[in-house]
Amino acid sequence: MKNKIVAGNWKMNKTFPEAEELLVAIAEGLDDMTLETDVIICPPFPYLEMAADISEESNFTVGAQNVSYMDKGAYTGEVSAAMLKSAGADTCIVGHSERRAYFKETDEELAKKVNLLLANDIVPIFCVGEQKSERENGETFNVIRRQITQGLFHLKKEEIAQVIIAYEPVWAIGTGLTATPQQAQEVHAFIRQLIEEKYGTETAYNMYILYGGSCNPGNALELFSCTDVDGGLIGGASLKAEDFIAIINAAETCMKND
């Protein structure tokens with residue numbers, strides 16, 4: 001049985017003192033637990049090294065929220081995969097819907113980001129998901145297929161085996177709306193089927209597919225209990241230590257029940 005993964009995406013929140021307080025609170029909460037869940041915290045860039053330092057004495061690893069699709073050079077304001085690695089990041093979110101929408105990131109750019117992360121021994125958390133209008137028009141599977149095909153299917157089997165996929169229905173991010181367990185399971189199963197068709201059954205089975213989209217302590221257990229949901233990419237609820245620990249406890253409960 002695979003472990004669950006719970007990753008916290010802080011987005012653009014917390015000052016330096018607030019970030020330190022939250023990291024310490026999460027670390028203290030995790031210290032009281034015997035964990036089977038893999039916990040990842042993705043703070044803003046300025047806090048990566050601090051998070052990495054605290055993680056050395058705790059039960060979580062550190063991820064970044066974004067990376068440049070360029071390797072290095074005169075690109076003011078960009079952050080490279082090599083920089084992330086040197087700051088202590090082991091994972092990195094790629095293609096979050098906010099990046100796709102607000103910063104117009106393309107599938108081609110995201111494929112380049114994935115390549116650079118893998119070349120620097122960083123695990124990509126590759127986000128996919130449909131807009132509300134796309135779901136209403138019955139386009140969910142077509143959107144997911146395009147995003148995965150164009151963003152990931154250039155990879156070799158041994159490369160995609162290192163990728164985590166996160167399904168985030170755009171209409172459920174920060175809205176308070178949540179996909180039902182049935183909706184989440186349906187899309188997760190579809191993603192796993194796509195991986196199986198391209199890379200085979202073993203690769204598909206071992207692929208981690210996380211759910212993101214207003215996941216909270218009240219619905220995490222039901223979502224994580226779905227057959228093809230391997231954990232969650234948590235937004236707002238990761239900004240409160242108590243809520244984040246509760247979600248991790250839900251993941252732990254799922255594994256004990258299995």
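Just so you know, residue 1 is the first one in the sequence shown, and it goes up from there. Bear in mind that the values here come from a model prediction, so they are computed numbers and not experimental data.
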So do Ser80 and Asp71 actually touch side chain to side chain, heavy atoms under 4.5 Å?
-> no
Asp107 side chain to Gln147 main-chain N or O, any donor-acceptor pair under 3.5 Å?
-> no
Work out which heavy atom in Pro217 is nearest to a heavy atom in Ile247; give both atom names and the distance.
-> N-CG1, 3.8 Å
For Gln193 and Glu197, test the side chains for any donor-to-acceptor distance below 3.5 angstrom and give the result as yes or no.
-> yes
If every non-hydrogen atom of Leu239 is compared with every non-hydrogen atom of Lys14, which pair is closest and at what distance?
-> O-NZ, 3.6 Å
Verify, without hydrogens or angle tests, whether Asp53 (side chain) and Glu56 (backbone) share a donor-acceptor contact under 3.5 angstrom.
-> no
Looking only at heavy atoms, what is the nearest atom pair of Ile245 and Met33, with distance?
-> CG2-SD, 4.0 Å
Given the options Lys113, Lys112, Arg100, Glu105 meets salt bridge (Lys or Arg N to Asp or Glu O under 4.0 Å) only with Lys113
State whether the side chain of Tyr211 and the backbone N or O of Ala179 hold a donor-acceptor pair below 3.5 Å, judged by distance alone.
-> yes
Considering non-hydrogen atoms only, spot the tightest contact between Ala204 and Ile195 and give its length.
-> CA-CG2, 3.7 Å
With no hydrogens and no angle check, is any side-chain donor or acceptor of Arg192 less than 3.5 Å from a backbone partner on Asp228?
-> yes
Report, as yes or no, whether the 6.0 Å neighbourhood of atom NZ on Lys85 holds more than 12 heavy atoms from other residues, nucleotides or ligands.
-> yes
Backbone N or O of Ala111 within a donor-acceptor pair of the Tyr69 side chain at under 3.5 Å?
-> no
If two hydrophobic side chains count as joined below 4.5 Å and joins carry through other members, does Val62 share a cluster with Leu116?
-> no
Is there a donor-acceptor pair under 3.5 Å between the side chain of Lys4 and the backbone N or O of Val229?
-> yes
Taking all atoms of both residues into account, what is the closest heavy-atom pair of Met207 and Lys2, and its distance?
-> O-NZ, 2.9 Å
Using the ring of each side chain (for Trp, its six-membered ring), is Phe190 parallel, tilted or perpendicular to Phe141, with breaks at 30° and 60°?
-> parallel
Gap separating the CG atom of Asp32 from the CG atom of Asn59, nearest 0.5 angstrom = 10.5 Å
Value rounded to 0.5 Å, distance of CH2 in Trp10 from CD in Glu18 | 10.0 Å
For the residue pair His96 and Glu168, confirm or rule out a side-chain donor-acceptor distance under 3.5 Å.
-> yes
Got more than 12 heavy atoms from elsewhere within 6.0 Å of CD, Glu159?
-> yes
Would a hydrophobic clustering, with Ile, Leu, Val, Met, Phe, Trp and Tyr connected at side-chain separations under 4.5 Å, put Leu23 with Phe45?
-> yes
Between atom OG of Ser55 and atom CE of Met50, what is the distance when rounded to the nearest 0.5 Å?
-> 11.5 Å
Looking at Ile5, Ile93, Ile40, which one forms a side-chain contact (heavy atoms from CB on, under 4.5 Å) with Leu233?
-> Ile93
Pair Lys256 + Glu252, salt bridge at N-O below 4.0 Å | yes
Apply side chain to side chain donor-acceptor pair (under 3.5 Å) to the pair His154 and Asn115, showing each step before the final yes or no.
-> CA-CA 10 Å; His154 64 286; Asn115 293 344; 2.7 Å; yes
Is there a donor in the side chain of Tyr199 and an acceptor in the side chain of Glu158, or the other way round, less than 3.5 Å apart?
-> no
Shared hydrophobic cluster, Ile122 / Tyr47 (ILVMFWY, side-chain heavy atoms < 4.5 Å) | yes
Is the backbone of Val123 close enough, under 3.5 Å, to the side chain of Thr91 for a donor and an acceptor to pair up by distance?
-> no
Nearest-0.5 Å distance that lies between atom CG in Leu194 and atom CZ in Phe153 = 5.5 Å
State whether the side chain of Asn219 and the backbone N or O of Ser214 hold a donor-acceptor pair below 3.5 Å, judged by distance alone.
-> yes
In Å, rounded to the nearest 0.5 Å, how long is the span from SG of Cys42 to CZ of Phe60?
-> 11.0 Å
Taking the side chain from Thr149 and the backbone from Arg146, do they hold a donor-acceptor pair closer than 3.5 Å?
-> no
Check the pair Gln150 / Thr106 against side-chain contact (heavy atoms from CB on, under 4.5 Å), numbers first and verdict last.
-> CA-CA 10 Å; Gln150 297 186 13; Thr106 66; over 6 Å; no
Would the number of heavy atoms belonging to other residues, nucleotides or ligands and lying under 6.0 Å from CD of Glu78 be above 12?
-> yes
Point-to-point distance, once rounded to the nearest 0.5 Å, from CG of Leu22 to OG1 of Thr15 = 10.5 Å
With the 4.5 Å side-chain cut-off for hydrophobic clustering, are Leu210 and Phe244 part of the same group?
-> no
Check: Ser68 side chain, Met70 main-chain N or O, donor-acceptor pair, under 3.5 Å | yes
